[in-house]
Protein chains: 2
Amino acid sequence: MPMSMTKKKVIQIGVVSELTGLSERQIRYYEDRKLVFPDRSKGGVRKYSFEDIQTIMDIHTKLTNGYHTVELKRMLGC
Amino acid sequence: MPMSMTKKKVIQIGVVSELTGLSERQIRYYEDRKLVFPDRSKGGVRKYSFEDIQTIMDIHTKLTNGYHTVELKRMLGC
DNA sequence: CGTGTAAGGAATTCTGACACG
DNA sequence: CGTGTAAGGAATTCTGACACG
């Protein structure tokens, strides 16, 4: 039953921003586009996992390569 | 050069409190006693690693077993 | 000694919107 | 479309102190 560390949602957006080099705006936008799914604290603060950070960096790379968020969403279940 | 995830200081005290079941007061006290060494954000907010969380739980267990923080500090370099 | 708490301030995050295009 | 920004409020964290003992 213990969840692997990579999937534990414990990191706040400020740290994610530092680790990825992306703006909080970008990170929140990817969530808006249904590409990342952070948890929320009782107060509504977003919590990400290390896996989410990987995903976010991947999203940004693909956007840089010309993809659109809608296409990335389609690619999800593959 | 990449640091292992277990040592990345990215978790704030609120989450550490949830994961360990300890109060923030207790967690801060262990730092005061030089038993844990979180990083700090520019604004002074504490950031812990998964390894720190292990350490904190271990400290609390030992305190429960009758040890004192001073003794735990001595045990550190062994 | 190790921990609880009330106190006031500061850092961090949140949302919705306007902007560009 | 994807991202920047200013705006105001809310959640979270910080420190130093008093308390018990």
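Chain letters run A, B, ... following the sequence lines, proteins first and then strands; every chain starts at 1.
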**Request:** Evaluate the side chain to side chain contact (heavy atoms under 4.5 Å, CB included) criterion for residues Ile53(B) and Thr20(B): first the C-alpha distance (whole Å), next the side-chain angles of each, then the deciding distance (0.1 Å), finally the verdict.
**Result:** CA-CA 7 Å; Ile53(B) 292 181; Thr20(B) 62; 3.8 Å; yes
In whole angstrom, what separates [X]'s [atom1] from [N]'s [atom2]?
| X | N | atom1 | atom2 | value |
| --- | --- | --- | --- | --- |
| Tyr48(B) | dT13(D) | OH | P | 10 Å |
| Ile11(B) | dT12(C) | CD1 | P | 17 Å |
| Asp32(A) | dT13(C) | CG | P | 19 Å |
| Lys62(B) | dG2(C) | NZ | P | 14 Å |

**Prompt:** Going by number, which of residues 13-31 of chain A have a non-hydrogen atom under 4.0 Å from DNA chain D?
**Reply:** Ser23(A), Arg25(A), Gln26(A), Tyr29(A), Tyr30(A)
**Contact list for DNA chain D against residues 33-45 of chain B - heavy-atom distance below 4.0 Å** = Arg40(B), Gly44(B), Val45(B)
**Item:** Under 3.5 Å donor-acceptor, Ser17(A) side chain and Ile13(A) backbone
**Value:** no
**Prompt:** Does Lys62(A) use its side chain to pair, donor to acceptor, with the backbone of Glu71(A) at less than 3.5 Å?
**Reply:** no
**Message:** With no hydrogens and no angle check, just 3.5 Å: does a side-chain donor-acceptor pair link Asp52(B) and Ser49(B)?
**Reply:** yes
**Message:** What verdict does the side chain to side chain contact (heavy atoms under 4.5 Å, CB included) test give for Arg40(A) and Arg46(A), after you've listed the backbone C-alpha separation in whole Å, the side-chain angles of each residue and the deciding distance to 0.1 Å?
**Reply:** CA-CA 5 Å; Arg40(A) 296 275 187 153; Arg46(A) 271 169 271 250; 2.9 Å; yes
**Asked** Any Lys/Arg nitrogen of Asp32(A) or Arg28(A) sitting under 4.0 Å from an Asp/Glu carboxylate oxygen of the other?
**Response** no
**Asked** When you look at OH of Tyr67(B), are more than 12 heavy atoms from neighbouring residues, nucleotides or ligands closer to it than 6.0 Å?
**Response** no
**Item:** Nearest heavy-atom neighbours spanning Glu51(A) and Lys7(A)
**Value:** OE2-CE, 3.1 Å
**Item:** Considering all heavy atoms, the nearest Met5(A)-Phe50(A) contact
**Value:** O-CD1, 4.3 Å
**Message:** Checking Val15(B) against Tyr48(B) for the side chain to side chain contact (heavy atoms under 4.5 Å, CB included) test, could you report, in this order, the C-alpha distance in whole Å, the side-chain angles of both residues, the deciding distance, and whether it holds?
**Reply:** CA-CA 9 Å; Val15(B) 175; Tyr48(B) 297 86; over 6 Å; no
**Message:** Return whichever of Gln12(A) or Val70(A) has its heavy-atom-nearest nucleotide of DNA chain D closer to the 5' end.
**Reply:** Val70(A)
**Message:** What's the separation between atom CG in Leu63(B) and atom NE2 in His68(B), rounded to the nearest 0.5 Å?
**Reply:** 8.5 Å
**Prompt:** Of all the base pairs, Watson-Crick or G-U under 3.5 Å, which form stems of three or more consecutive pairs involving DNA chain C?
**Reply:** C:2-5 with D:17-20, C:17-20 with D:2-5
